[in-house]
Amino acid sequence: MDRLADVLAVAGPVAVAAAWVVVRAGLASVWMAMGPTLGVLGILSLPAVQAARGGFSVPLALLLGLGAGVLLYVATAAFMAVAVRWPPLARHTDAVYDQRRGLSLGAALGISLLLVAPGEELLWRGVVLDVLARSLAGWPIVPVIAWFAYVAANAFSGSIPIVLAAAVGGGVWTALASLTGGVAAPLACHVVWTALMILRPPVPRSGRA
C-alpha cells in the first residue's frame, strides 16, 4: 500500500501538470482533460486514503467541510467582485467558463463533483500529504510543501483564476486535511465550493465592467 502511495505521490502531480499542458495547448477542454485524469488518479488513490482520524468523526469532518465550502465561496465571490476589474483576470475567467460550451450543466456538475473535486482531494490531501508526512516525519512545514506542490502543478494551466483557486482553495483544503486527519472535510468543502462556482458564477460576464 505504501509503495502504491509513493508512486502516486510522484506520478499523480506529474499527470495533473501534463493534463493542464494539454488544456493550455487547446488539445482538450478542461472538462475532458482534467475529468478523466483526476477520476483515474482518485480511484487509484482510494486504497491509501483516510477519511478522518484523531478527534474528528467522519460526520463532524463532513459538517466542518460543508460550512467551510460555503464560506470559501462567499469569500471568492467578494474577492472576484473587485479583482475581476483587472482585465487579465477577467479574460482568463471568461476563458475558463467558456470551455463549458457544448457541455450541459448536468454534465459539468457530474464531471466536477464526481471526478475532479474528489480526485483532487484523494490524490493531493489523501496521498501526497500523507506520503510527505510519512517521509518527512516531524517536519512542521509538511502541509506547506504539499500546498506548494499543488499550486505548482496547477500553475501549468497558465490560467490566473486556476492558480488563484489552487493557492487559496488549496490552502483551505490542506488546512482542513491537516486539522481533521483525512479527506472527508476537504472533500466536502471542495465539492460545495465547486458546485456553487458552477451553479452561480461569482461574477457573470454580463456584470463585468
Side-chain angles (χ1 to χ4, degrees), residues 4-49 76 80 84 86-129 131-132 145-174 183 186-187 190-191 193-199 201-202 205:
L4 173 62
D6 290 342
V7 171
L8 282 172
V10 175
V14 171
V16 170
W20 276 125
V21 170
V22 169
V23 173
R24 189 173 181 178
L27 300 176
S29 71
V30 63
W31 310 93
M32 295 302 101
M34 303 310 294
T37 299
L38 287 165
V40 170
L41 290 172
I43 291 170
L44 292 175
S45 300
L46 268 173
V49 167
T76 302
M80 290 295 289
V84 80
W86 182 40
L89 177 58
R91 287 196 304 271
H92 283 219
T93 302
D94 285 340
V96 172
Y97 279 102
D98 284 349
Q99 291 199 40
R100 219 200 88 193
R101 287 177 182 171
L103 194 68
S104 70
L105 178 61
L109 285 170
I111 293 171
S112 298
L113 305 186
L114 298 177
L115 297 177
V116 176
E120 283 204 327
E121 294 312 313
L122 291 169
L123 172 66
W124 290 101
R125 266 62 68 176
V127 170
V128 174
L129 184 59
V131 167
L132 285 172
I145 297 172
W147 167 79
F148 180 80
Y150 177 65
V151 175
N154 282 279
F156 280 85
S157 67
S159 169
I160 297 171
I162 294 296
V163 175
L164 287 175
V168 178
V172 171
W173 302 323
T174 301
V183 300
L187 176 56
H190 200 154
V191 165
W193 177 79
T194 300
L196 290 171
M197 291 292 288
I198 294 173
L199 291 170
R205 181 192 292 269

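Bear in mind the structure is a predicted one, so any value in this text is a computation, not a measurement. FYI, side chains are in, hydrogens and waters are out, and symmetry mates aren't considered; it's all heavy atoms of this structure.
Pairing each heavy atom of Val127 with each of Ala9, the nearest pair is CG1-N, 4.0 Å. Minimum interatomic distance between Val16 and Ala153 (heavy atoms only, all atoms of both residues): CG1-CB, 4.3 Å. Scanning both residues, Ser159 and Val96, for their nearest heavy atoms gives OG-CG2, 3.7 Å. Of all heavy-atom pairs spanning Leu122 and Ser45, the tightest one is O-CB, 3.6 Å. Considering every non-hydrogen atom in both Val84 and Ala90, the closest pair reads O-CB, 3.3 Å. Scanning all heavy atoms of the two residues, the minimum distance from Leu8 to Leu44 falls at CD1-O, 3.4 Å.
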Legend entry - Evaluation steps, side chain to side chain contact (heavy atoms under 4.5 Å, CB included), between Leu105 and Leu199: CA-CA 8 Å; Leu105 178 61; Leu199 291 170; 4.0 Å; yes
Inset, instruction - Could you give me the CA-CA distance, side-chain angles and deciding distance for Leu103 and Ile111, then say whether side chain to side chain contact (heavy atoms under 4.5 Å, CB included) is met? - result: CA-CA 10 Å; Leu103 194 68; Ile111 293 171; 4.2 Å; yes
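When side chains are defined from C-beta on, Pro161 counts as touching Leu89, because their heavy atoms get closer than 4.5 Å. Counting heavy atoms from C-beta outward, Ser157 and Arg24 have side chains that stay 4.5 Å or more apart.
Take Trp31 and apply the side chain to side chain donor-acceptor pair (under 3.5 Å) test, not counting sequence neighbours, and it matches no residue. The ring-ring contact (aromatic ring centres under 6.0 Å, His included) search around Trp173 returns His190, Trp193, not counting sequence neighbours. Shown here are the salt bridge (Lys or Arg N to Asp or Glu O under 4.0 Å) partners of Glu121, two or more places apart in sequence or in another chain: Arg125.
Atoms CD1 and CG, on Ile198 and Leu113 in that order, are 5.5 Å from each other to the nearest 0.5 Å. Rounding to the nearest 0.5 Å gives a distance of 10.5 Å between CG of Leu4 and CG of Leu46. Interatomic distance, Leu38 CG to Ile43 CD1, rounded to the nearest 0.5 Å: 11.0 Å. The distance from atom OG1 of Thr37 to atom CG of Leu115, rounded to the nearest 0.5 Å, is 10.0 Å. Note that OG1 of Thr93 and CH2 of Trp86 are 10.0 Å apart. Values are rounded to the nearest 0.5 Å. Expressed to the nearest 0.5 Å, how far CE of Met34 lies from CG of Asn154 amounts to 6.5 Å.
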